[in-house]
Amino acid sequence: PLDDSSIHLTFARNLVEYGSFSYYKNQLATSGSTSPLYTFILAGFYLFSKNEFIISYIIGISSFALAVFFMFRLANLHFATAKWLAVLCALLLAIQPIVNLIAVSGMETTMFIALVITSIYNYKKKNWKALGISLGVLLWCRPDGLVLWAAILADYLIWMILENNKKIKKEVRISARELITPFSIAAGMAVCYFLFNYFLSGSLLPNTFGSKLAIYEGKSRAEFLKKDVWEYFTAPEFVMYIVPFLLSVIIIINGVIRKKYSEFLIYLIFLAGLIFVYWYFLPFSSSFGRYLMPLIPSYIIIAIYGVRIISEYLKDKFRSSHAGNLILTGYFAAAIILGIIYLNSTSQLYTDICKYYKVRHVAAGNWINKNTPPDAIIATHD
């Protein structure tokens, strides 16, 4: 459903066939892939199969499965006393319509989502070496992975400031010395990433980053916030998240103002950070909002935190768990049913778009290949 996938696939095929990181045979090697990691993995699969559909589906779907698995493990850290909430988080991600579509789009998005979740999980579990590796790999997957680096550092700094302001100091959760290990590993992988791009194109980031800025720099930032952010995250498929999400945001921010750290703060920082980076540098979220799609897991976890708050309030209000459980059971059922309904309509959308590209690009390309001489100059769109 995305013609962008042909870029990764072409780079991967040329890497295998010509030993060149290039878009046209072995000519003009360039850092033209926004996700070198995804391209390298594709190239590895090309050694065993030339079927670009099977290769793309295996990577996209397995990455999605990994994301759902670590979504449960991460949510379970927060909702250990209410495991059904952790199950709900994983289930909501698993049936999220647009993420399912992107998993079979031939793009690196689900891999990036999986690495974001894995990195936050490693941070919460204090798996420092694993965190360093996952952050480094995240950068190789997409350059906007640096936002999560900043989010983790910001989360730690805010926690440290809030803890230092307390008269009675509690046991230190994370020491600055501990963070040196993961960021040293990640920095080493980052240096390799920047050298890779610089060697190929003379810039530290993929040259696709510069091309995107050139194309979309004139877009309205206000329109981006309205359509790409607000309308995207308040679409009907997200309608069950909005109220508990906003409730959680108010409580988290209020807690910080009152010098009380929240374990959910990092999700809010990452969410705000990625939106800000795109608003400032590139006010465009691309097809299906895929540049902002990595925020969906954070959106879900913050919303389910709000659900837990509502649940606890109802138990205290009615001094009985029955009323709260009844409402939460209704919420659970409504969220799942809504996700399945929109998953079905998204499946039809996927079919329609694939047909569109097959006619517009594949059929046209085959006709040109058959009916024009090899030295013909062809003008094309994209």
Side-chain angles (χ1 to χ4, degrees), residues 1-4 34 60 64 67-68 71 89 91-105 107-114 116-117 142 144-145 147-148 151 212-213 215-250 264 267-307 334-336 338-350 352-353:
L2 288 173
D3 52 359
D4 307 62
T34 309
F64 188 23
V68 173
M71 182 69 162
C89 285
L91 197 53
L92 288 175
L93 179 62
I95 63 171
Q96 215 294 316
I98 218 72
V99 181
N100 273 272
L101 185 150
I102 215 71
V104 284
S105 69
M107 297 299 289
E108 77 284 353
T109 312
T110 51
M111 181 183 293
F112 187 73
I113 291 172
V116 166
I117 298 172
R142 282 193 64 83
D144 35 347
V147 175
L148 185 60
K212 290 288 185 185
L213 292 181
I215 293 170
Y216 299 109
E217 64 179 354
K219 282 186 68 70
S220 167
R221 288 189 171 94
E223 198 71 8
F224 168 77
L225 291 177
K226 179 186 175 184
K227 290 190 174 180
D228 297 53
V229 179
W230 177 252
E231 291 183 8
Y232 181 75
F233 287 106
T234 57
E237 63 192 69
F238 291 121
V239 73
M240 297 301 295
Y241 304 170
I242 302 167
V243 172
F245 171 80
L246 293 175
L247 174 65
S248 297
V249 169
I250 292 169
F264 297 93
Y267 305 108
L268 187 57
I269 295 173
F270 177 59
L271 198 148
L274 194 65
I275 290 174
F276 172 78
V277 165
Y278 274 102
W279 171 83
Y280 187 80
F281 290 103
L282 180 63
F284 176 68
S285 62
S286 195
S287 307
F288 313 117
R290 61 188 174 89
Y291 292 164
L292 297 181
M293 208 174 287
L295 297 177
I296 291 176
S298 296
Y299 190 28
I300 291 173
I301 288 180
I302 293 176
I304 298 306
Y305 171 48
V307 171
I336 299 302
L338 196 66
I340 292 172
I341 289 171
Y342 280 98
L343 187 62
N344 186 58
S345 61
T346 303
S347 175
Q348 184 58 48
L349 173 67
Y350 173 79
D352 293 341
I353 296 173

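For the numbers below, each heavy atom of this structure counts, side chains included, while hydrogens, waters and symmetry mates do not. Remember, it's a predicted structure, so these values are computed and weren't measured experimentally.
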Applying the side chain to side chain contact (heavy atoms under 4.5 Å, CB included) test to Phe245, which of Val307, Ile250, Leu271 qualifies?
Leu271

Heavy-atom closest pair (Leu247 atom, Gly306 atom, distance to 0.1 Å) is CD2-O, 4.0 Å

Verdict with supporting geometry, Val229 and Phe224, side-chain contact (heavy atoms from CB on, under 4.5 Å)
CA-CA 7 Å; Val229 179; Phe224 168 77; 3.8 Å; yes

Specify the closest pair of heavy atoms between Phe270 and Val116, including all atoms of both residues, with the distance to one decimal.
CE2-CG1, 3.8 Å

Do you know which of Lys227, Arg221, Lys226, Lys219 makes salt bridge (charged side-chain N to carboxylate O under 4.0 Å, His left out) with Glu223?
Lys227

So, using ring-ring contact (aromatic ring centres under 6.0 Å, His included) as the criterion, who are the partners of Trp279 when residues are at least two apart?
Phe276

Looking at every non-hydrogen atom in both residues, tell me the closest pair between Ala67 and Leu93 and how far apart they are.
O-CD2, 3.9 Å

Who passes side chain to side chain donor-acceptor pair (under 3.5 Å) against Asp352, sequence neighbours left out?
Gln348

Any sub-3.5 Å donor-acceptor pair from Asp228's side-chain atoms to Gly289's backbone N or O?
no

If I take atom OH from residue Tyr267 and atom CD1 from residue Ile302, how far apart are they, to the nearest 0.5 angstrom?
8.5 Å

So, using ring-ring contact (aromatic ring centres under 6.0 Å, His included) as the criterion, who are the partners of Phe284 when residues are at least two apart?
Tyr216

CE (Met107) and OG (Ser286) are apart, to the nearest 0.5 Å, by 7.5 Å

Using side-chain heavy atoms (C-beta onward) and a distance below 4.5 Å, is Ile275 in contact with Leu295?
yes

Sequence neighbours excluded, the answer for side chain to side chain contact (heavy atoms under 4.5 Å, CB included) partners of Leu349 is Leu101, Phe288, Ile353

For residues 292-302, which residue pairs pass the side-chain hydrogen bond (donor to acceptor under 3.5 Å, both in side chains) check, not counting sequence neighbours?
none

Leu213: side chain to side chain contact (heavy atoms under 4.5 Å, CB included) partners, not counting sequence neighbours:
Phe209, Phe281, Leu282

Could you check whether any side-chain heavy atom of Asp144 comes within less than 4.5 Å of a side-chain heavy atom of Val277, counting everything from C-beta outward?
no

Atom pair CD1 (Ile304) and CE (Met240), whose distance is rounded to the nearest 0.5 Å
9.0 Å

What one should report as the nearest heavy-atom pair of Ile102 and Leu2 is CD1-CD1, 3.8 Å

Any side-chain heavy atom of Ile300 sitting closer than 4.5 Å to one from Met71?
yes

For Tyr278, the ring-ring contact (aromatic ring centres under 6.0 Å, His included) test, sequence neighbours excluded, returns Tyr291

If we ignore hydrogens and angles and just use 3.5 Å, is the side chain of Thr110 paired with the main-chain N or O of Gly60 as donor and acceptor?
yes

A side-chain contact here means heavy atoms from C-beta on lying under 4.5 Å apart; do Trp230 and Leu225 qualify?
no

Minimum heavy-atom separation for Pro97 to Gly339, with atom names?
CG-O, 3.8 Å

Just jot down the side chain to side chain contact (heavy atoms under 4.5 Å, CB included) partners of Val104, sequence neighbours excluded, or say none.
Tyr57, Ile61, Tyr350

Those residues at least two apart in sequence (or on a different chain) that pass ring-ring contact (aromatic ring centres under 6.0 Å, His included) with Phe112 are none

Residue pairs involving residues 232-250 (criterion side-chain hydrogen bond (donor to acceptor under 3.5 Å, both in side chains); sequence neighbours excluded)
Gln96-Glu237

Can you name the closest pair of heavy atoms from Ala94 and Asn100 and give their distance?
O-ND2, 2.9 Å

Should Thr109 and Ile113 be marked as a side-chain contact (heavy atoms from CB on, under 4.5 Å) after you check the CA-CA gap, both sets of side-chain angles, and the distance that decides it?
CA-CA 6 Å; Thr109 312; Ile113 291 172; 4.2 Å; yes

Residue pairs meeting salt bridge (charged side-chain N to carboxylate O under 4.0 Å, His left out), one or both in residues 276-294, sequence neighbours left out, come to Asp4-Arg290

Within-4.5 Å side-chain heavy-atom neighbours: Tyr342 and Ile95:
no

With sequence neighbours excluded, residues passing side chain to side chain donor-acceptor pair (under 3.5 Å) with Ser105
none

